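The structure appears right after this line, and notes come after that.
The figures here come from the full heavy-atom set of this structure, side chains too, leaving out hydrogens, waters and symmetry mates. Just so it is clear, the structure is predicted and the values come from calculations on it, not from any experiment.
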Amino acid sequence: MKTRKGNKVYPLTAAQKLHYYSMKYCPKKQVLNIGTSLTIQVELERERLERCIAEAIERCEALRVQFAEDKEGNVYQYVAKGQEPVIRHFDFGHWKEEDAHNKMTEWTSTPFELYDTPMYEVVMIRMPEEFYGVYIKVNHLIMDAQGLIAFMKDVMQLYSYDMLEDVPAPKEMTSYIKQLEKDLAYEAGNSASQRDREFFENLITSSEPIFTDIHGRGKLEAERARTGNPNQRAVINTSDNVDANLANFYLEEEPTEQLLKFCEDNHISLTCLLLMGLRTYLQKENQEDDISVSTTIARRATLMEKRCGGTRIHSFPFRTIVSREDTFMEGLYKIRDLQNQYFRHANYSPSEFYAFRKNHYNLENGQTYEAMALTYQPMLMKYDGPTVEKMEKLEYDVHRYSNSACAHTLYLTVSHRPLGGLDFCFEHQTGVVTYEKLQEVYFYLCRIIFHGIEDPSRTVGEVIDWS
């Protein structure tokens with residue numbers, strides 16, 4: 001297949017392939033849906049907003065990506081042209097707020113058709129308390145969270161440009177196709193891809209990780225009993241029940257500023273601090289210094305990558321060995337140094353990573369060393385363009401909605417709230433993880449982090465024992 005409906009077709013990228021496999025083998029096909037709403041406590045002009053949304057869709061090639069399958073079952077992508085965007089309207093103004101959010105969860109839980117059809121839905125909404133804005137649902141194959149935030153900000157900037165005087169036109173979005181061609185050229189093989197492959201293969205073969213879980217050593221000991229191997233280090237961590245929900249916890253603005261100041265003063269990213277908190281919690285629960293969690297890398301370093309949309313997330317296991325005798329700061333430096341290496345090699349295919357590790361350690365299907373994943377989203381879904389002083393006092397509300405399915409046991413996303421503070425959003429399989437357990441994880445995660453930054457010369461053991 002070279003063209004589809006007159007449009008040039010391209011194979012899936014490494015990032016898309018990982019998502020596609022998740023959807024292919026998950027019984028609930030909505031597993032890749034991302035649903036978000038952004039509302040502002042001011043009445044937006046309906047026709048103006050609809051016009052700006054349509055323009056933003058036209059400017060964003062990634063949002064117009066569709067998929068096709070050939071006779072051999074190979075899946076391709078193309079950017080559809082000449083299609084009028086479908087923008088719906090829904091008035092929740094007289095609904096209870098909880099019922100409105102439940103309805104948007106229902107929308108998010110409805111799967112897309114996969115082939116030759118738009119992979120997004122946009123609804124202009126009016127919410128209780130006179131909040132107005134946009135709900136959008138996308139399939140993860142065409143957009144990740146940072147791409148989605150860039151699109152939503154483009155809508156707001158276009159609206160501001162259309163409404164306010166002295167506001168310059170927003171910058172153009174960059175070409176998804178041009179970035180896609182660069183990614184596919186890398187994946188076809190070059191010196192950079194070879195260096196990246198060598199880095200991760202050396203990392204994998206250096207020594208075997210060990211499974212650690214928020215529930216302690218129970219799964220590992222059960223796996224050792226099942227296999228008859230007392231030295232078993234990997235665990236089957238899958239479930240037939242992929243029913244999922246979101247559990248959200250809010251860290252207030254003042255303590256958030258403490259974390260950000262510590263990171264700035266010590267040249268540490270917030271991702272490093274979050275990873276340090278999570279790994280220390282797992283170290284506490286498992287009495288194990290060797291900790292692995294999955295971490296995501298956005299791969300949006302260049303201007304083209306930042307504004308091209310699409311799904312660019314690569315997720316890799318992130319393993320650190322930090323002893324109880326190491327100081328909290330020494331642990332942070334170990335994470336920072338390894339994270340910097342990951343950044344340099346992050347274009348490597350996660351699918352190839354997992355396939356190589358599976359073969360090297362002779363893992364069974366479903367066996368893994370990671371019980372959870374972490375994503376930190378530094379981009380803020382809020383208008384921050386010219387004449388922001390005219391809009392800064394407006395009340396914003398951002399909601400993320402569950403798609404009611406999760407291929408992984410536990411996935412933590414940390415993001416900034418429009419009016420300050422951090423959201424800790426745990427997507428979890430409800431048959432495996434309870435809300436009460438997530439409350440505990442969040443509680444101890446915060447205790448560990450704040451006790452650690454209070455005096456980073458404390459040893460990890462001291463932080464664990466105090467927590």
Would D423 and R400 satisfy salt bridge (charged side-chain N to carboxylate O under 4.0 Å, His left out), going step by step from the backbone distance to the final call?
-> CA-CA 10 Å; D423 262 330; R400 180 186 172 197; over 6 Å; no

Would you call [X] and [Y] a side-chain contact if the rule is heavy atoms closer than 4.5 Å?
| X | Y | result |
| --- | --- | --- |
| I34 | M143 | no |
| L278 | M372 | yes |
| L32 | L141 | yes |
| L445 | F424 | yes |
| Q16 | V75 | no |
| D289 | R324 | yes |
| Y442 | L438 | no |
| T271 | Y376 | yes |

Within 45° cone and under 6.0 Å: [X] NZ/CZ vs [Y] ring:
| X | Y | value |
| --- | --- | --- |
| R417 | Y250 | yes |
| K284 | Y444 | yes |
| K137 | Y401 | no |

Under a 3.5 Å distance rule, please check whether [X] uses its side chain to pair with a backbone N or O of [Y] as donor and acceptor.
| X | Y | answer |
| --- | --- | --- |
| K29 | F112 | no |
| Q429 | C406 | yes |
| S239 | V242 | no |
| H428 | N245 | yes |
| R217 | E288 | no |
| Q339 | I335 | no |
| Q232 | N229 | no |
| N33 | N403 | no |
| Q41 | E129 | yes |
| T212 | I291 | no |

Centroid-centroid distance, [X] to [Y], less than 6.0 Å:
| X | Y | value |
| --- | --- | --- |
| Y342 | F318 | yes |
| F316 | F200 | yes |
| F92 | W107 | yes |

Hey, what do you get for [atom1] ([X]) to [atom2] ([Y]), rounding to the nearest 0.5 Å?
| X | Y | atom1 | atom2 | value |
| --- | --- | --- | --- | --- |
| Y281 | R447 | OH | CZ | 12.5 Å |
| I321 | D290 | CD1 | CG | 4.0 Å |
| N286 | I210 | CG | CD1 | 8.5 Å |
| K219 | D213 | NZ | CG | 5.0 Å |
| L12 | Q77 | CG | CD | 6.0 Å |
| T302 | R300 | OG1 | CZ | 9.5 Å |

Nearest heavy atoms of P456 and F262, plus distance in Å =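 Closest approach of P456 to F262: CG-CE1, 4.0 Å.
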
Search all heavy atoms of R279 against all heavy atoms of T320 and return the closest pair with its distance.
->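 Scanning both residues, the minimum pair turns out to be NE-OG1, 2.7 Å.
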
Do [X] and [Y] have side-chain atoms, one donor and one acceptor, less than 3.5 Å apart?
| X | Y | result |
| --- | --- | --- |
| Y354 | T368 | no |
| E187 | S193 | no |
| S207 | R233 | no |
| Y132 | E130 | yes |
| D183 | Q179 | yes |
| S467 | H451 | no |

Candidates K171, K306, R59 - the one meeting salt bridge (Lys or Arg N to Asp or Glu O under 4.0 Å) with D154 =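 Filter result, single survivor: R59.
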
Yes or no on side chain to side chain donor-acceptor pair (under 3.5 Å) for S175 and E61, after CA distance, side-chain angles and deciding distance?
-> CA-CA 7 Å; S175 172; E61 287 182 345; 3.0 Å; yes

Would you mind telling me which of L251, L374, T375 makes a side chain to side chain contact (heavy atoms under 4.5 Å, CB included) with V414?
->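 The option that passes is L374.
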
Any salt bridge linking [X] with [Y]? Criterion: basic side-chain nitrogen under 4.0 Å from a carboxylate oxygen.
| X | Y | value |
| --- | --- | --- |
| D144 | R312 | no |
| K261 | E264 | no |
| K437 | E440 | yes |

Quick check: are there more than 12 heavy atoms from other residues, nucleotides or ligands sitting under 6.0 Å from CD of Q194?
->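 It does: Q194 CD has more than 12 such atoms within range.
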
Working for salt bridge (charged side-chain N to carboxylate O under 4.0 Å, His left out), residues R195 and E198 | CA-CA 5 Å; R195 288 193 300 271; E198 289 173 356; over 6 Å; no

Testing H314, R299, K182 for side-chain hydrogen bond (donor to acceptor under 3.5 Å, both in side chains) with N347, which one passes?
->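 Of all the options given, the one that passes is R299.
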
